[in-house]
Protein chains: 2
Amino acid sequence: MSTSEEPAPAGVVHRHIPPASLARLTIYLRALGALLADGVERVSSDELAEAAGVNSPKLRKDLSYLGSYGTRGVGYEVSYLSDQISAALGLTRNWRVAIVGAGHLGKALAGYPGFGSRGFEVVALLDADQMVIGQEVGWLRVSPVKDLEGVVQRTRANMAVLSVPADVAQELCDRLIESGITSILSFAPVVLQVPDHVQLRKVDMATELQILAYHAQRAQASEIAAKARARLGT
Amino acid sequence: MSTSEEPAPAGVVHRHIPPASLARLTIYLRALGALLADGVERVSSDELAEAAGVNSPKLRKDLSYLGSYGTRGVGYEVSYLSDQISAALGLTRNWRVAIVGAGHLGKALAGYPGFGSRGFEVVALLDADQMVIGQEVGWLRVSPVKDLEGVVQRTRANMAVLSVPADVAQELCDRLIESGITSILSFAPVVLQVPDHVQLRKVDMATELQILAYHAQRAQASEIAAKARARLGT
DNA sequence: TGCTGTGAAAGCGTTCACAGCG
DNA sequence: CGCTGTGAACGCTTTCACAGCA
């Protein structure tokens with residue numbers, strides 16, 4: 001298990017964690033953190049699965065992509081498993097995040113608690129608005145987005161968050177990539193074009209709400225249908 | 001095509017759109033809106049797919065879950081297709097959204113532009129902090145979260161957004177459900193427990209960043225491996 | 001005996017090639 | 001002839017049952 005595909009350079013590089021598992025591993029990590037804070041030393045897959053809101057075979061399968069870190073008949077040691085997941089996700093490195101756009105969203109992100117911890121550090125906060133530039137937000141001062149390239153270089157940022165209006169998102173995305181950033185998390189409600197070597201993830205609130213609306217509408221519709229059927233039945 | 005499972009009460013209820021398609025349909029809708037604003041009347045699946053960042057067979061498959069709204073040899077009429085997707089997603093109803101938590105994130109959401117349009121209306125903004133209660137945010141005044149039940153009832157909210165700290169999220173989630181809300185979008189970094197009839201969706205920035213970190217780490221690792229190989233090769 | 005780790009089967013989602021109309 | 005609509009094949013996820021250790 002947990003073989004590397006090449007002679008392996010120093011650290012163990014795991015062979016491909018499926019995207020669906022990857023997303024859940026971050027949830028397990030958070031649940032383990034909570035257990036650790038509570039002083040819990042061991043968990044079974046059932047308990048951890050419960051805390052993470054999944055079923056236990058799925059959790060065990062997910063963990064099996066990393067290796068065998070449990071003890072049969074006993075369970076998992078909380079701190080050890082937490083470390084192993086962190087390592088597999090690349091959270092032992094220190095990621096330096098530049099937040100582009102210092103509106104309410106950008107400020108919310110800059111102040112996000114689970115952000116500073118877990119290997120992420122916000123090293124820059126940028127905005128185009130003269131009224132906002134120079135403001136202090138937490139430990140940071142808002143830099144002019146005009147100087148994006150310089151700021152990225154000086155702060156050695158290696159990740160970026162885009163929290164800007166849709167109409168300027170592509171332009172700023174291009175400039176980030178030009179500056180050497182290859183990992184971008186975008187909150188802008190537009191489809192961004194990026195080259196293959198750049199990792200782009202999107203968070204889209206409009207999409208989320210619309211999906212909720214779809215389910216709510218269906219629930220309502222089938223409720224109405226049920227009532228109609230009941231009326232006809234009696 | 002597009003059959004309904006029961007005698008069909010008034011509007012056509014489509015038989016189950018796959019989750020993955022559903023998420024993409026919201027993107028197509030946005031792209032169609034942009035085309036509409038530009039005065040474009042017709043699109044081919046190739047063009048729309050390009051705008052939405054997917055390949056065209058996938059787009060056509062997605063649209064086929066709704067019905068056959070295109071013209072072979074020609075393409076799709078922008079406004080008609082837009083209406084059909086809106087109808088299928090339940091965006092013809094008016095959704096009344098209560099935002100719980102008026103920190104930076106809550107305020108950002110309250111002011112979100114693509115929010116007011118497309119059938120969503122923010123009808124309440126609540127917070128626990130005395131300093132924030134009573135503040136005006138856009139057209140709204142922040143209400144005390146203590147009166148959540150009353151506010152939900154008075155405003156006839158039928159959806160809620162949770163933008164509160166993790167430690168109070170479950171409690172407020174329970175109160176929302178108690179108040180009759182069955183669709184909740186949570187930004188709190190915790191696993192929330194909800195009954196089956198409630199639709200809960202989560203947006204988790206920590207998860208997104210960690211997924212980016214994983215890919216960035218892998219890219220780096222394989223780069224290092226490549227360099228090592230190059231050195232050994234020469 | 002108890003709980004982990006995992007192959008094998010079932011269920012979804014995506015891709016593709018092409019049939020079907022305008 | 002062009003572009004849509006779709007069945008069938010493929011690949012990825014999830015589920016399950018149970019083999020494997022402590």
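Just so it is clear: chains get the letters A, B, ... in the order the sequence lines come, proteins before strands, and each one is counted from 1. Quick caveat: nothing in here was measured; it's all calculated off a predicted structure.
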A/R42 atom CZ, neighbour heavy-atom count above 12 within 6.0 Å: no
d(CG, B/L66; C1', D/dG5) in whole Å: 13 Å
Spacing of A/Y69 atom OH relative to D/dA22 atom P, expressed in whole Å: 17 Å
A/H215: partners by ring pair (Phe, Tyr, Trp, His ring centres under 6.0 Å), with sequence neighbours left out: none
Residue pairs involving residues 55-73 of chain A (criterion salt bridge (charged side-chain N to carboxylate O under 4.0 Å, His left out); sequence neighbours excluded): A/R24-A/D62
All side-chain hydrogen bond (donor to acceptor under 3.5 Å, both in side chains) counterparts of A/D204, not counting sequence neighbours: A/T207, B/R30
Separation of atom CG in B/D46 from atom P in D/dT4, rounded to whole Å: 7 Å
Phosphate contact (D/dC3 OP1 or OP2) by B/S45 side-chain N/O below 4.0 Å: no
Separation of atom CG in A/L59 from atom P in C/dT6, rounded to whole Å: 14 Å
5' precedence on DNA chain D between A/V74 and B/T71 (nearest-nucleotide basis): B/T71
Report all side-chain donor-acceptor pairs from residues 184-197 of chain A shorter than 3.5 Å, counting only partners two or more places apart or in another chain.
residue : atom : partner : partner atom : Å
A/S186  : OG   : A/A188  : N            : 3.1

Whole-Å gap separating P (D/dT4) and CD (B/Q84): 16 Å
side-chain hydrogen bond (donor to acceptor under 3.5 Å, both in side chains) partners of A/D174, counting only residues at least two apart: A/Q170
B/S/- contact track for nucleotides 10-20 of chain D, protein heavy atom under 4.0 Å: ---SBBB---B
Atom-pair distance (CG on B/L22; C1' on C/dG13), nearest Å: 14 Å
Euclidean distance, atom CG of residue B/L48 to atom P of D/dC3 [Å, nearest integer]: 14 Å
